[in-house]
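Report on one structure; see the data block that follows.
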Amino acid sequence: MPDRAVEAPDSAAGTAYPHVNGSCSEGNSVFSVFGRVAATTLVSGLVAAGLLTAAGPAAAEGAAQPLGGASATIGGLKTYGAAVIHDAGGDQQVPAGLFEMSVDGGGTLQTYCVDLHTPTQRDAKYHEAPWSGTSLAANKDAGRIRWILQHSYPQVNDLAALADQAGIGSGLTEQDAAAGTQVAIWRYSDGTEVDAVDPQAEKLADYLQKSARNLPEPKASLTLDPPAVSGRTGDLLGPVTVHTDAGSATVMPPSDAAMSGVRIVDQEGKPVTAVKDGSPLFFQVPEDADDGSAELTVQASTTVPVGRAFTAEGRSQTQILAGSSESTVSAAASATWARQGAIPALSAARNCAEGGVDITVANTGDDAFTFELMGVEHTIPAGASRTVTIPLLEDQAYDFTISGPGGFAKRFTGVLDCKTQEGGSDVTTQTVSDPGPATVGGTAPHTDLAATGGSGATPLIAGTALAMMVLGGGALLLIGRKTPPTQGE
């Protein structure tokens, strides 16, 4: 799609930023961009030379689902002012303020962004996420960002009272309040030297930065725990526990429930259509059912808690929630059943503290479940559960499948976006127009990790590691665990 500039509504003050495509800052250092392009180029060369072996069997149906909560599409900056980034390459002026997102199923979200130097792609698809799966994972000041959100605009929409509390005096506008809040957030999310252009906004930013206190991460608007269960035909599979801040939620049974005979029930075997926080759910599978799987969905309407993170499906800057209307939220859970043998239940979550994706496998069958990840064979004994962390490169798109007996297969896809990007000696403005699972400099190759056959992940990561070392990356151990930075990931 063509490049789109941020449109300044009636409430937006100052000059519009025609070079900005729905972004609070779209700079990346020349070294950062060069490094990613060169790494991608080298890996692509290895693929062309036939040095990366093909992965195992074809990908399974379906892809990994979000953990639950709100899903939304980001629009543009709606209320904003200007800020100046100071770094070794000089000063650069960027817009700073509130984004607006449209929630799937109804509702509107207002967000600020974290990770100052990462592009924000207009119309990108976002999902509510825990801090552990974002750049906030290892940020000791993440709780201070939540304090800022709760004590500033738009949560405090009495601008006169906000100005008085900050010692500003009169004349604080919505644009000043949004810019000052975003600048204060950037100082904690990125540890960068950044100032608001407007004096009123700068005073607010200083007040918020100095006053902020650490608060705990807010709870999710809606999740199901665990997101995957398994068991024998004829049994109640579960429980799957509902966690939500909504007063009530609606249970939607599997789409083929009428044909398969699978029902969603409570612990007493009674059908369930409505639940609340703490309610347990079970899949009731008929004894004569063929080996198979099913998925249920729980949906509710609620205001999403301030401070919840939102991550994009592709490469687009992480957002943090500043305000929510009544919005539609949902979560899904799956069940797998069989008469005998290994019966695995699989789920995945990004683990930014370890720089990878956690795959949790629970085996409720009577045989061990064996699968392969990154060239390493894993065996989960009958009745056991284990979590395997798959290390990935920052910004790497991944697409891998774990296969099992009886045609069982589970596919997981996404992009690892865990680190805030550092400003370089020459910050450049990029125009980003098309959201999708791509790295800067090109689309990342798929990483298909199957339970049988060769794994394409190990040579891919090794090849990219070699590229980074050629670029002067030094002792980057891309196969092992990453050491989290001290100020955000």
Side-chain angles (χ1 to χ4, degrees), residues 22-26 64-80 97-116 118-137 139 142-143 145-146 148-150 154-155 178 181-182 185-186 188-190 217-223 244-245 300 302-332 349-352 395 414-421 432 435-437 488-489:
S23 166
C24 45
S25 176
E26 296 188 327
Q65 297 296 314
L67 294 179
S71 295
T73 301
I74 196 166
L77 282 165
K78 296 300 181 182
T79 307
Y80 61 91
L98 273 172
F99 283 88
E100 187 172 287
M101 291 190 185
S102 299
V103 180
D104 296 355
T108 302
L109 307 176
Q110 292 175 298
T111 62
Y112 290 104
C113 51
V114 293
D115 191 0
L116 175 59
T118 296
T120 301
Q121 305 207 37
R122 189 167 182 141
D123 297 328
K125 187 77 168 181
Y126 278 77
H127 302 286
E128 185 179 340
W131 288 0
S132 61
T134 73
S135 59
L136 300 173
N139 189 335
I145 297 174
R146 186 187 178 195
I148 291 171
L149 293 166
Q150 291 186 333
Q155 287 300 303
T181 304
Q182 177 67 90
I185 289 171
W186 278 336
Y188 281 123
S189 65
D190 292 72
E217 178 180 1
K219 294 181 179 179
S221 60
L222 175 62
T223 58
T244 183
D245 63 350
T302 186
T303 54
V304 183
V306 170
R308 290 295 291 170
F310 279 79
T311 57
E313 291 182 355
R315 179 62 178 157
S316 188
Q317 187 179 60
T318 300
Q319 303 283 316
I320 192 162
L321 188 69
S324 169
S325 70
E326 191 80 4
S327 299
T328 300
V329 296
S330 62
R350 283 191 287 191
N351 181 348
C352 285
D395 300 336
V415 175
L416 188 70
D417 183 9
C418 286
K419 291 185 178 181
T420 55
Q421 303 299 324
V432 181
E489 275 199 318

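Values below: all heavy atoms of this structure, side chains included; hydrogens, waters and symmetry mates excluded.
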Nearest non-hydrogen partners of T134 and A129, listed with the distance: CG2-CB, 4.4 Å
Evaluation steps, salt bridge (charged side-chain N to carboxylate O under 4.0 Å, His left out), between D395 and R315: CA-CA 7 Å; D395 300 336; R315 179 62 178 157; 2.9 Å; yes
Donor-acceptor pair between T420 and D190 side chains, under 3.5 angstrom: no
Heavy-atom closest pair, residues T223 and A220: CG2-CB, 3.5 Å
Donor-acceptor pair, side chain of Q155 and main chain of Q150, under 3.5 angstrom: no
Residue pair A70 / V304: nearest heavy atoms and the distance that separates them: CB-CG2, 4.0 Å
N/O donor-acceptor pair under 3.5 Å between T328 side chain and G105 backbone: yes
Under 3.5 Å: donor-acceptor pair, side chain of T108, backbone of S325: no
Gap separating the CG atom of L77 from the CZ atom of R122, nearest 0.5 angstrom: 9.0 Å
Sub-4.5 Å side-chain heavy-atom contact between Y112 and I148: no
Main-chain N/O of L98 paired with T79 side-chain donor or acceptor, under 3.5 Å: no
Chi angles and distances behind the side chain to side chain donor-acceptor pair (under 3.5 Å) call for D104, S71: CA-CA 6 Å; D104 296 355; S71 295; 4.6 Å; no
Inter-residue atom distance F99.CZ - Q319.CD, 0.5 Å rounding: 5.0 Å
Sequence-distant partners of T244, side-chain hydrogen bond (donor to acceptor under 3.5 Å, both in side chains), two or more places apart: none
Any donor-acceptor pair under 3.5 Å from Q110 side chain to P154 backbone: no
Exercise: identify the closest heavy-atom pair between Q182 and G97: OE1-O, 3.5 Å
Pairwise distance CG(L321) to CG(L109) - rounded to 0.5 angstrom: 5.5 Å
Beyond-backbone contact of I320 with L136, side-chain heavy atoms, under 4.5 angstrom: yes
S316 versus Q121, closest heavy-atom pair with distance: OG-N, 2.8 Å
Min side-chain heavy-atom separation I185-L149 under 4.5 Å: yes
Check: P130 and E217 side chains under 4.5 Å, non-hydrogen atoms: yes
Donor-acceptor side-chain pairing of R308 and S324 below 3.5 angstrom: no
Reported CD-to-OG1 distance for the pair E326 and T303, which is rounded to 0.5 angstrom: 6.0 Å
Heavy-atom side-chain contact between F310 and I74 under 4.5 Å: no
Nearest heavy atoms of P218 and G307, plus distance in Å: CG-C, 3.5 Å
Side-chain donor or acceptor of R350 paired with backbone N/O of V415 under 3.5 Å: yes
